[in-house]
Number of protein chains: 2
Amino acid sequence: MARAATRPATTPEAGDAAERMLQILSEASRLFATNGYDGTSMRDIALACGISKSLLYHHFTDKDEIFAKVTLGSTRELYHYVFDRLPEAGPAERVRRFMTATGEYFQKYRWAWIASTTAFWNDPEQRRQKERMMWRDQYEGLIRTLIQEAIDAGEFRPVDVPLTGRLILSSLNWMHRWYRPEKGMAPPQIADAYCDMIFNGLVAPR
Amino acid sequence: MARAATRPATTPEAGDAAERMLQILSEASRLFATNGYDGTSMRDIALACGISKSLLYHHFTDKDEIFAKVTLGSTRELYHYVFDRLPEAGPAERVRRFMTATGEYFQKYRWAWIASTTAFWNDPEQRRQKERMMWRDQYEGLIRTLIQEAIDAGEFRPVDVPLTGRLILSSLNWMHRWYRPEKGMAPPQIADAYCDMIFNGLVAPR
DNA sequence: TAGCACGCTGACCGATCGGTTAGCGTCCCG
DNA sequence: CGGGACGCTAACCGATCGGTCAGCGTGCTA
């Protein structure tokens, strides 16, 4: 009956409970990213944490809440991570930083990032996903704003803004399907290389 | 006991059985694409086809075989579809056709395409996925070859070939996450617009 | 017309799923 | 030192999963 949310913040054990929740979210995000939502059972999460299945229900109401916490958290934080790092510079340079910062976030919080980007977009339980979609739209709106500003400043050609934003996000969002951390370039460098190609094009100058 | 694979091709009923299999594969690919592998039960597939669950096992050994047939089929056919449509033209023009032809295939066989691209890449049952991965590699090898030829011909700048291939494939592979057939541009036109941006770049000429 | 092949079904199986419940042990505090 | 709060668990629940099996009905064939 005693829910974790009602625990008094003054007790010294509050820190333990908070760490437990972080551990659960960490292991869960890794499992969700590796095996998918349906492919990850509550037993799997409990086993990975070294605790009983019942304890999961003392910290979260159900499986859906764990998943929502993972995906909403990473989506919201991605937006803030990127937004906070945009430099005071020309629009095109800000677009580049948008991409490299996203690569950094991917590098740091890879499992949660994969779990949220592979989450089914037409989820039946959309009420829980609404807030996540809001931050996703914020994130996409940000890159569109940056592109529009680059066009207005004369740094970009007058391209199709939504489609250009999708091209940039596609390159970043698809990365988890082929990127392996043990070899090759690091995600921020990959994002930077993508940026070079998209900015300057493939066609050789005449 | 009588397996579909052993049915004599001479009987008139063979046509019915083959159509049944196609119907099953069609409905299954739609369900897999919509709800994922684990989110689609054999009961769901049977219900969508208007048949009993048992009948599925007369045409396929198990659920995995249905999924393998869907994903392997679409991956193999994507390669051939694109390869067969490459024009006798300059390398850059062939890259463009690679992209638009992929858009055409996506438009035609959307469900099977989504089912196979959202299939988990680190599937535990990799023996079944091996042949699919082979065609996937063929497909990716094809775009790399075209890019390399464009560089050798002086049409492209000396870019990083694998990374350029990944940029192009990312733009196409991510399309199913935001594309809605009832509105906006058609997939081949989207692919063509992507091609323009990637070829010429975003940066305005000085 | 007798028989058989085959498309097809309903009932059933053990396993595993998400989630519940009763209660144990321990540590803090009055 | 007594009591209650809390972290935590084992056992259990109904539902649903993938897969099996015995057998029905029909239509072709000998």
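So that the names make sense, note that chain A is the first sequence line, chain B the second, and so on, each numbered from 1.
- A:Tyr109 pairs by the side-chain contact (heavy atoms from CB on, under 4.5 Å) definition with A:Tyr105, not counting sequence neighbours.
- For the pair A:Ile66 CD1 and C:dG19 C1', the computed distance is 12 Å after rounding to whole Å.
- With sequence neighbours excluded, the residues that form a side-chain contact (heavy atoms from CB on, under 4.5 Å) with B:Leu55 are B:Arg20, B:Ile51, B:Ser52, B:His58, B:His59.
- Listed by chain and number, the residues in a side-chain contact (heavy atoms from CB on, under 4.5 Å) with B:Ser116 are B:Thr71, B:Ser74, B:Thr75, B:Arg132 (sequence neighbours excluded).
- For the pair A:His59 NE2 and D:dG7 C1', the interatomic distance rounds to 7 Å; values are reported in whole Å.
- Taking atom CD1 of A:Ile24 as the reference point, atom C1' of D:dG7 lies 12 Å away to the nearest angstrom.
- Sequence neighbours left out, not one pair with a member in residues 75-85 of chain A passes salt bridge (Lys or Arg N to Asp or Glu O under 4.0 Å).
- Within the 6.0 Å centre-distance limit, the rings of A:Phe156 and A:Phe199 are counted as a close aromatic pair.
- If you take CZ of A:Phe60 and P of D:dG7, they are 13 Å apart, rounded to a whole angstrom.
- Between A:Leu55 atom CG and C:dG19 atom C1' there is a gap of 14 Å when expressed in whole angstrom units.
- Distance B:Leu56 CG to D:dG19 C1': 11 Å, rounded to the nearest Å.
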Using the 3.5 Å cut-off, write out each protein N or O paired with an N or O of nucleotides 14-18 of chain D and the distance between them.
residue : atom : partner : partner atom : Å
D:dG18  : OP1  : B:Thr40 : O            : 3.4
D:dG18  : OP1  : B:Lys63 : NZ           : 2.6
D:dG18  : OP2  : B:Met42 : N            : 2.9
D:dG18  : N7   : B:Arg43 : NH1          : 3.1
D:dG18  : O6   : B:Arg43 : NH2          : 3.1

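- The salt bridge (charged side-chain N to carboxylate O under 4.0 Å, His left out) test applied to A:Asp160 returns no partner, not counting sequence neighbours.
- The CZ-C1' distance, from B:Arg20 to C:dG7, rounds to 9 Å in whole Å.
- The CD-P distance, from B:Gln23 to C:dG7, rounds to 15 Å in whole Å.
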